[in-house]
Each structure stands twice: as structure tokens, then as C-alpha cells.
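Step one of this worksheet: look at the structure below.
For clarity, every value in this text was computed on a predicted model and none was experimentally measured.
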Amino acid sequence: MKEERSLSLLQLMVNEGLVPSLEEEENRKTVIEKLKQVHGSESDIDALCVGPYFATMLKVLVVPENLDILNPVFLRDIDETGWKSLSRVLANTQICRLVPDLKKFQSMLRCVKFWAKRRGVYGNLNGFLGGIHLAILAAFVCQCDPFVGLSALISHFFKKFAFWPWPRPVELQDETLHPTLNPTETRLYMPIRLPFSSYEYCHSNITKSTFYKIRTEFLRGHNLTKDLLKFDFDWHNVLEPFPYTKKYAWFLKIFLSASKQDELGDWVGWIKSRFCCLLFKLEEVQGLCDPNPAEYIDVNIADPHVIF
């Protein structure tokens, strides 16, 4: 029965477009093969990599194909900008090394991200969980329960963090790092340690309100998945979109409009970067608020616009 629950979840993920199709995988392979083709001994490949002007992080003359990005030799004397740019790559690389079953972890993470988006708890700019947060949480559960199936991993994920004693940090088991001296991190509501450092935490915009919403959703997920073997169990109930219009009576709408799409894009980025400040101010007045991470478009409005 547990295996059937895992298969039904995988099928749901395929139906929702979360798993790349065979055609998409073939297209990806074709592009890579075209980049590798050289039509003569003297010919070369012209490839353009677009990046920021400060992308000068690895102080080496030659970058080998099998470069170990976690090698401390390449990480010496890197400035703050370079370190921030590398941190996501370092985290992803280390997570892949530490999980016991990479394929199972990837399937679990796809599902967890889908759940977070459906339930309105995904998006660091809105004070919720970002991709790196969910990846580490999912990897942590995979380390704790390495031999269970996908459905059980999802169930254990909700149970684990519905009752986690925050602000106790979540950190992956890694024999290469020294044990934590300070077991708590009280500056953050949900401290999650980066897997390549014994002292650095994931950047977080979680506020009092969003912390409450995340924990509520963890508990809801636990209540819906603790009985996976019940005959009427359905993954669609777990992944049901959050019912904002049924849950709340008062809303604050932010409407951005511009004459050109390029101008709108600049303003959207500016507004998003200040969402967290708005949340703090709303909490001072209202006590609690629940930001909806989704962006909306009104089909009746012709000008480029976006609604939050």
C-alpha cells in the first residue's frame, strides 16, 4: 500500500508537469551534444557566458573539467560578493553528496516545492521558505529515514517539522564539519544551517506572521499524511491550493502598472525587495498578516501590469 501511495504521488507530479518529459530530456541532451561537436582538428567552439562584471571568483589560470568546487584551496581569499555567488552552488553540491539516495531526494524535493507553492508558503521575498530552505529540510529527512519510500518521506517531512523545537537549527549530518558549539540561533525564527559551513545560516526573511503560517501548514500536512494507508487517502487533499478568499475577509492589493513592459519589470523588482519591510509594518498595526506569494494579471487591463 505504501508503494502504491508513492506511485500515485509520482503520477500526480507527472500530471502537474513537475517531472521533465522524455522529449524535454532528449532536447536537453541534443543541445549539449551540439555544444560538444567540433567539425575539424583546428576548429573551436564559440560560447558566450553572460554574467555580472564581478564574476571573478576562482583565482586559477585553468579551470579543469573535474574541478571540486568544495576544495578549500579554491575558496581562499574570496571576497564577500564572490562568496555569495558561490554559496548556492556550494550548498547544492554538498547536499547532493550528503543525501543517501539522490533520485529519491529529487522526487521528494519536487513534491515539497509544489506543496509549498500550492499552500502559499514558498518565496523568500514574501517572508516564506525559499528553494534552498526546502532542499536542506528535505535532505535532512532523507538522512534521518534513508530506507523508506517516497510517500513515507513526505509524511515524515511534515511530522518532523510540525513538531520541530524552533529556534533549534536544522543541520545536515556531515562528518567533515565540526559539531555546533551553540545549539540555538535565536536571531532567526527558523534557522537552517548551510551544509558547507559550521556557522552560516540560510538567509531568511521569515517574520512572526509567516512563521505562524508555515508551522500551521506543516501541521496540516502532518494531519493529512499521518494515515497514508487509509482507503480514502488522496494526495490532492494534501496539495489543495490555499483558499485565500474563503479564509480571509480583508485584503491589501498592490497594483503596479506601466506604459512599457521593461519599465514594469524594474518596478516589480523594486517592490518585491521591500515586501519584508511592508510585512513588519503591517504586523505592527494588524498583529498578523498572510502575504500571498502569487502574482496576478487582470485580463481586462491592456497596459503592462502585475497585481499582488
message = Pairing donors with acceptors under 3.5 angstrom, does anything connect the side chains of Asn15 and Gln11?
response = yes

task = Search all heavy atoms of Gly149 against all heavy atoms of Ser6 and return the closest pair with its distance.
result = C-OG, 4.1 Å

request  = Working to the nearest 0.5 Å, report the span between NZ of Lys260 and CG of Asp266.
outcome  = 12.0 Å

key: Hphob cluster co-occupancy, Trp166 + Leu219, side-chain heavy atoms under 4.5 angstrom   = no

ask   = Just wondering, are more than 12 heavy atoms of other shown residues or ligands nearer than 6.0 Å to CG in Leu22?
value = no

key: Modelled atom types, side-chain donor and acceptor of His236 and Asp234, under 3.5 Å   = yes

inquiry  = Is it the case that atom NZ in Lys104 sees more than 12 heavy atoms from other parts of the structure closer than 6.0 Å?
reply    = yes

query = Run the side-chain contact (heavy atoms from CB on, under 4.5 Å) check on Glu24 and Ser21 step by step: do they pass?
reply = CA-CA 5 Å; Glu24 290 171 333; Ser21 65; 3.3 Å; yes

message = To the nearest 0.5 Å, what is the distance between SG on Cys289 and NZ on Lys281?
response = 13.0 Å

request  = Kindly compute the distance separating CD1 (Ile307) from CG (Asn292), expressed to the nearest 0.5 Å.
outcome  = 12.0 Å

ask   = Can you check whether Phe231 and Phe233 have ring centres sitting under 6.0 Å from each other?
value = no

ask   = Can you tell me how far the CD atom of Glu175 sits from the CG atom of Leu98, to the nearest 0.5 Å?
value = 9.5 Å

query = Would a distance-only check, ignoring hydrogens and angles, find a side-chain to backbone donor-acceptor pair under 3.5 Å from Arg5 to Met1?
reply = no

request  = Could you list all the ring pair (Phe, Tyr, Trp, His ring centres under 6.0 Å) pairs where at least one residue sits in residues 120-151, not counting sequence neighbours?
outcome  = Phe140-Trp164

remark   = In short, ring pair (Phe, Tyr, Trp, His ring centres under 6.0 Å) pairs touching residues 89-121 with sequence neighbours left out are Trp115-Phe158, Trp115-Phe218

query = Within the distance-only criterion (no hydrogens, no angle test), does the side chain of His305 pair as donor or acceptor with the backbone N or O of Asp298 below 3.5 angstrom?
reply = yes

ask   = Going through the checks in order, is the side-chain contact (heavy atoms from CB on, under 4.5 Å) test met by Phe308 and Lys272?
value = CA-CA 10 Å; Phe308 302 99; Lys272 282 183 175 181; 4.0 Å; yes

key: Parallel, tilted or perpendicular, as decided by the 30° and 60° cut-offs, for the rings of Tyr248 and Phe251   = perpendicular

ask   = Under the 3.5 angstrom rule, does the side chain of Glu283 hit a backbone N or O of Ser209 as a donor-acceptor pair?
value = yes

task = Assess whether side-chain contact (heavy atoms from CB on, under 4.5 Å) is satisfied between Lys160 and Cys144, documenting all intermediate values.
result = CA-CA 10 Å; Lys160 182 78 68 176; Cys144 294; 4.0 Å; yes

message = Any non-hydrogen side-chain atom of Pro100 less than 4.5 Å from a side-chain atom of Cys142?
response = yes

ask   = How long is the gap from CG on Leu239 to SG on Cys111, to the nearest 0.5 Å?
value = 5.5 Å

request  = Could you go through the side-chain contact (heavy atoms from CB on, under 4.5 Å) check for Val170 and Arg193 one step at a time?
outcome  = CA-CA 6 Å; Val170 176; Arg193 197 181 303 278; over 6 Å; no

task = Determine, using ring centers only, whether His222 and Phe161 are less than 6.0 Å apart.
result = no

task = Please say whether more than 12 non-hydrogen atoms of neighbouring residues, nucleotides or ligands are located less than 6.0 Å from CD in Gln286.
result = no

ask   = For the hydrophobic clusters of this structure (ILVMFWY residues joined by side-chain heavy atoms under 4.5 Å, transitively), does one cluster hold both Trp235 and Phe242?
value = no

inquiry  = Side-chain heavy atoms nearer than 4.5 Å, only ILVMFWY residues, links allowed to pass through others: does that put Leu279 and Leu256 together?
reply    = no

ask   = Heavy-atom distance under 4.5 Å between the side chains of Tyr201 and Leu188, does that happen here?
value = yes

key: Given Ile214, Val112, Asn124, Thr210, the one that forms side-chain contact (heavy atoms from CB on, under 4.5 Å) with Leu129   = Ile214

request  = Might you point out which heavy atoms bring Pro167 and Pro191 nearest each other, and give the distance in Å?
outcome  = O-CG, 3.0 Å

Nearest heavy atoms of Ile136 and Leu172, plus distance in Å = O-CD2, 3.6 Å

inquiry  = I'd like to know if the side chain of Asp227 reaches the main chain of Leu229, judged simply by a donor and an acceptor atom lying under 3.5 Å from each other, with no hydrogens or angles considered.
reply    = no

note = So CG of Leu194 and CD1 of Ile132: to nearest 0.5 Å the spacing works out to 6.5 Å

request  = Identify the two heavy atoms, one from Leu109 and one from Ala138, that lie closest to each other, and give their separation to 0.1 Å.
outcome  = CD1-CB, 4.3 Å

request  = Is it possible for you to say whether Leu288 and Leu282 belong to one hydrophobic cluster, with membership spreading through side-chain heavy-atom contacts below 4.5 Å?
outcome  = no

ask   = If every non-hydrogen atom of Leu10 is compared with every non-hydrogen atom of Ser107, which pair is closest and at what distance?
value = CD2-OG, 4.1 Å

ask   = Which is it for Arg119 and Glu217 under the salt bridge (Lys or Arg N to Asp or Glu O under 4.0 Å) test, yes or no, and what are the steps along the way?
value = CA-CA 7 Å; Arg119 300 304 299 176; Glu217 288 301 321; 2.7 Å; yes

ask   = Testing Ile206, Leu125, Asn205 for side-chain contact (heavy atoms from CB on, under 4.5 Å) with Cys276, which one passes?
value = Asn205

request  = Taking the side chain as every heavy atom from C-beta outward, state whether Met108 and Ile154 have any atom pair closer than 4.5 Å.
outcome  = yes

ask   = Would a hydrophobic clustering, with Ile, Leu, Val, Met, Phe, Trp and Tyr connected at side-chain separations under 4.5 Å, put Phe275 with Trp267?
value = yes

task = Start with the C-alpha distance between Arg118 and Glu16, add both sets of side-chain angles, then the distance that settles salt bridge (Lys or Arg N to Asp or Glu O under 4.0 Å), and finish with yes or no.
result = CA-CA 12 Å; Arg118 280 288 182 93; Glu16 294 290 343; 3.4 Å; yes

task = For Ser151 and Lys2, indicate whether the former's side chain and the latter's backbone hold a donor-acceptor pair under 3.5 Å.
result = yes

